[in-house]
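For reference, the structure discussed in these notes is given below.
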Number of protein chains: 2
Amino acid sequence: MSEPGLACCTPLTGTPMSPEQAEQVAPLLKALADPVRLRLVSLIAASAGGEACVCDLNDAFDLTQATISHHLKVLHSAGLLDREKRGVWVYYAVRPAALSAVASLFDTAALTPA
Amino acid sequence: MSEPGLACCTPLTGTPMSPEQAEQVAPLLKALADPVRLRLVSLIAASAGGEACVCDLNDAFDLTQATISHHLKVLHSAGLLDREKRGVWVYYAVRPAALSAVASLFDTAALTPA
DNA sequence: TCGGAACATCGACGGATGTCGATGTCTCGA
DNA sequence: TCGAGACATCGACATCCGTCGATGTTCCGA
């Protein structure tokens with residue numbers, strides 16, 4: 001809950017992944033494996049300053065505010081997003097380390113044609 | 001079903017992802033978002049020739065043959081694995097294009113600290 | 001021809017997940 | 001002090017997902 005394992009994994013290809021490694025990364029992928037959450041991360045990452053207010057995010061979807069809040073919680077719990085309250089608003093920002101952890105999985109993956 | 005969209009996406013960061021793009025990649029991530037399937041892909045990719053027989057994969061897990069078969073089907077349906085029957089055995093191989101499609105998502109993601 | 005081995009499929013079960021409306025909590029301005 | 005807005009939480013619901021045992025299907029060797 002508190003500190004999901006970040007920056008953990010060797011690439012998918014090469015040597016086989018250990019069960020422990022798999023258990024560590026799978027939650028990150030699971031958190032990203034949803035169209036809405038994928039767009040949320042993308043929207044936040046593409047926003048000025050790398051952060052976005054929930055109110056702006058709500059407007060980008062045809063979903064209830066409760067649902068967006070839920071998806072943000074999932075991303076936050078997975079360690080993919082940072083959360084900061086500023087006055088009435090709450091801002092979410094992408095955690096580069098978390099994305100890097102996932103990216104490392106596919107790092108050389110694309111570079112091994114056969 | 002037949003041809004899941006591969007090699008589709010711009011990186012997560014940069015410009016926000018379109019709903020259509022998100023709907024395309026999410027299934028790939030969802031297929032990978034499981035410890036068992038993650039290890040399956042890793043095992044296959046790390047095998048000689050980039051392919052592995054189901055019989056060998058079964059031995060690597062404390063799971064029923066039916067369960068492994070199910071996971072392989074999920075990965076195959078997502079377009080991540082190729083399937084080839086040779087005699088009594090079935091060999092699965094990683095589709096580099098599919099992994100590349102996912103990798104492209106995180107390509108520059110790790111390179112944007114803030 | 002027959003039996004067994006390698007996989008796939010089926011049906012079922014419990015648990016997780018996405019979505020919603022309703023309600024709670026916090027903060028600020030009037 | 002009070003009310004409204006921003007966001008989180010709750011409870012409920014339908015659906016999906018991982019796993020299993022049992023059963024098919026296909027192929028090869030005896």
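The structure presented is a predicted model; accordingly, all values stated were derived computationally and were not measured. Convention: sequence-line order gives letters A, B, ...; per-chain numbering from 1.
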Nearest whole Å is fine: how far is [N] [atom2] from [X] [atom1]?
X: A/Leu63; N: C/dG21; atom1: CG; atom2: C1'; result: 14 Å
X: B/His76; N: C/dA8; atom1: NE2; atom2: C1'; result: 12 Å
X: B/Leu75; N: D/dG18; atom1: CG; atom2: P; result: 10 Å
X: A/Asp62; N: C/dT19; atom1: CG; atom2: C1'; result: 13 Å
X: A/Arg86; N: C/dC26; atom1: CZ; atom2: C1'; result: 17 Å
X: B/Phe61; N: D/dC20; atom1: CZ; atom2: C1'; result: 17 Å
X: B/Leu81; N: C/dC7; atom1: CG; atom2: P; result: 14 Å

Are more than 12 heavy atoms, taken from residues, nucleotides or ligands other than B/Asp59, located less than 6.0 Å from that residue's CG atom?
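Count over threshold, so yes.
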
Walk me through it: do B/Leu80 and B/Val94 pass the test side-chain contact (heavy atoms from CB on, under 4.5 Å)?
CA-CA 6 Å; B/Leu80 284 161; B/Val94 174; over 6 Å; no

Less than 4.5 Å apart, side chain to side chain, heavy atoms only: is that true for B/Leu105 and B/Leu29?
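Side chain of B/Leu105 against side chain of B/Leu29, heavy atoms only: contact under 4.5 Å found.
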
Taking only residues two or more places apart in sequence, or in another chain, which ones meet B/Ala46 in a side-chain contact (heavy atoms from CB on, under 4.5 Å)?
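With sequence neighbours excluded, B/Ala46 shows a side-chain contact (heavy atoms from CB on, under 4.5 Å) to A/Pro16, given in chain and number order.
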
Tell me, for nucleotides 1-12 of chain D in 5' to 3' order, what letter each nucleotide earns: B for a base near a protein heavy atom under 4.0 Å, S for only sugar-phosphate near one, - for neither?
-----SBBB---

Specify the closest pair of heavy atoms between A/Glu51 and A/Arg86, including all atoms of both residues, with the distance to one decimal.
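So the minimum-distance heavy-atom pair works out to OE2-NH2, 2.5 Å.
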
Examine D/dC17: is either OP1 or OP2 under 4.0 Å from a nitrogen or oxygen in the side chain of B/His71? Give yes or no.
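Answer no for this pair, as no side-chain N or O of B/His71 is under 4.0 Å from OP1 or OP2.
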
Closest-nucleotide mapping onto DNA chain C: is A/Ala33 or A/Gly87 further toward the 5' terminus? I mean the 5' end.
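Comparing both residues, the 5'-ward one is A/Ala33.
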
For the backbone of B/Lys73 and the side chain of B/Ser77, can you confirm whether one donor and one acceptor N or O come within less than 3.5 Å of each other?
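Yes, because the side chain of B/Ser77 sits within donor-acceptor range (under 3.5 Å) of the backbone of B/Lys73.
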
Mark yes or no for whether A/Arg39, through its side chain, and A/Ala60, through its backbone, hold a donor-acceptor pair below 3.5 Å.
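Yes, A/Arg39 side chain to A/Ala60 backbone: donor-acceptor pair under 3.5 Å.
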
If you look at every strand shown and take non-hydrogen atoms under 4.0 Å, does A/Arg37 touch a base, only sugar-phosphate, or nothing?
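Answer is sugar-phosphate: A/Arg37 comes under 4.0 Å of backbone atoms only.
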
Please pick, from D/dG18, C/dC26, C/dC20, the nucleotide with the shortest atom-to-atom distance to any side-chain atom of A/Lys85.
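Closest nucleotide among those given: C/dC26.
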
